[in-house]
Amino acid sequence: MRNFILGLLLLRPMSLYEVHAQFAAGLSHIYAASYGSIHRSLKQLLSQGDLACADEPASARNRRRYVVTDQGRRTWLAWMKEPASTENAEVAALARVFLLGLVDDRHTRLSILASLRARALAEHEALLGIDNESGDRENDATGARYRAATVHYGVAASRDLVDWLDKLATTENPVPAGEKR
């Protein structure tokens with residue numbers, strides 16, 4: 001979540017309250033974030049040198065706005081390029097695609113999409129393995145029907161994620177005149 005917050009702050013400097021409001025307004029479908037967890041993340045990013053504080057003297061509440069440092073931008077870009085293996089493929093994709101427009105280089109954007117797709121495809125194939133092992137739903141009174149239905153949902157959702165990432169990659173802005181593919 002810390003790196004996602006860095007990306008949000010690359011969009012524009014914000015206060016703790018404003019970052020929290022972003023999550024409350026709908027970003028919680030990517031990461032669930034409480035006020036306390038956002039505050040801890042901001043403090044950690046600040047202490048690591050990824051953020052700096054810009055006090056707003058005109059603010060009645062003495063509100064601090066957080067701005068991303070050059071180091072923070074490098075930290076964020078490294079996170080964008082390399083989804084963690086412990087991170088859910090869907091969460092990794094949603095978080096990074098949401099912020100992908102902040103990556104200036106087309107080739108880097110395509111590389112990020114390819115990495116996310118590979119991760120999503122691996123998760124999809126793993127779910128297909130579970131689906132094949134789901135057993136006989138008709139004769140299992142212990143709930144295999146519901147387990148299988150859940151796995152089928154996961155298979156369909158993971159396939160949709162792969163397809164979505166494919167579509168994003170194929171509709172990436174065309175190469176500008178004079179630039180090599």
Side-chain angles (χ1 to χ4, degrees), residues 1-11 19-20 22-34 36-38 40-41 44-45 48 50 72-175 181:
M1 178 179 65
R2 283 190 313 268
N3 292 309
F4 185 68
I5 290 172
L6 274 175
L8 290 177
L9 293 171
L10 282 168
L11 292 170
V19 173
H20 183 261
Q22 292 289 311
F23 280 93
L27 293 179
S28 59
H29 78 283
I30 298 173
Y31 285 110
S34 68
S37 64
I38 294 168
R40 280 188 300 278
S41 293
Q44 188 172 23
L45 290 165
Q48 292 172 337
D50 291 328
R73 182 161 182 82
R74 288 189 301 274
T75 299
W76 171 80
L77 190 55
W79 170 78
M80 287 289 289
K81 291 178 178 179
E82 198 169 316
S85 61
T86 58
E87 200 174 14
N88 172 283
E90 183 180 38
V91 169
L94 290 174
R96 286 164 179 82
V97 169
F98 184 83
L99 299 167
L100 196 57
L102 294 170
V103 176
D104 296 329
D105 180 65
R106 177 181 186 274
H107 297 289
T108 302
R109 287 192 307 271
L110 287 170
S111 174
I112 291 168
L113 287 170
S115 175
L116 293 170
R117 184 195 185 280
R119 180 74 195 293
L121 186 58
E123 194 168 288
H124 175 71
E125 289 169 352
L127 284 169
L128 286 174
I130 293 170
D131 190 33
N132 293 333
E133 299 166 5
S134 62
D136 183 5
R137 291 181 284 284
E138 299 297 323
N139 297 319
D140 184 0
T142 62
R145 174 177 173 241
Y146 296 106
R147 289 189 301 276
T150 303
V151 171
H152 285 282
Y153 174 84
V155 167
S158 65
R159 180 74 246 170
D160 285 346
L161 179 59
V162 172
D163 291 345
W164 178 64
L165 291 166
D166 281 341
K167 184 177 181 179
L168 286 171
T170 59
T171 59
E172 171 67 27
N173 292 333
V175 177
R181 279 196 183 261

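Atom CG of residue L116 and atom CG of residue L121 lie 12.5 Å apart, to the nearest 0.5 angstrom. Note that CD of E82 and CZ of R119 are 11.0 Å apart. Values are rounded to the nearest 0.5 Å. Rounding to the nearest 0.5 Å gives a distance of 8.5 Å between CG of L110 and CG of L100. From H29, atom NE2 reaches atom CG of L94 across 5.5 Å, with rounding to the nearest 0.5 Å. How far CG of N3 is from CE of M80: 10.5 Å, rounded to the nearest 0.5 Å. Note: K81 NZ to S111 OG = 7.5 Å, rounded to the nearest 0.5 Å.
Between A89 and A120, the shortest heavy-atom distance links the atoms CB-CA, 3.9 Å. F23 and A33 get closest at one heavy-atom pair: CD2-CB, 3.7 Å. For the residue pair A93 and L161, the shortest heavy atom distance occurs at CB-CD1, 3.8 Å. Taking all atoms of both residues into account, the shortest heavy-atom contact from D104 to R73 is OD2-NH2, 4.1 Å. Considering all non-hydrogen atoms of both residues, D50 and L6 come closest at O-CD2, 3.8 Å. In plain terms, the two heavy atoms of V151 and L127 that are nearest each other are CG1-O, 3.9 Å.
Take D163 and apply the salt bridge (Lys or Arg N to Asp or Glu O under 4.0 Å) test, not counting sequence neighbours, and it matches R159. Every residue was checked against the side chain to side chain contact (heavy atoms under 4.5 Å, CB included) condition with A156, not counting sequence neighbours, and none meets it. Y31 is linked by a ring pair (Phe, Tyr, Trp, His ring centres under 6.0 Å) to F4, counting only residues two or more places apart in sequence or in another chain.
Between the S41 side chain and the S37 main chain, a donor and an acceptor come within less than 3.5 Å of each other. With R2 contributing its side chain and L45 its backbone, the two residues share no donor-acceptor pair below 3.5 Å. Under a 3.5 Å cut-off, the side chain of T150 and the backbone N or O of Y146 do form a donor-acceptor pair. Judged by distance alone, the side chain of R96 and the main-chain N or O of W79 form a donor-acceptor pair under 3.5 Å.
Between L102 and the options L77, L8, L11, a side chain to side chain contact (heavy atoms under 4.5 Å, CB included) holds for only L11.
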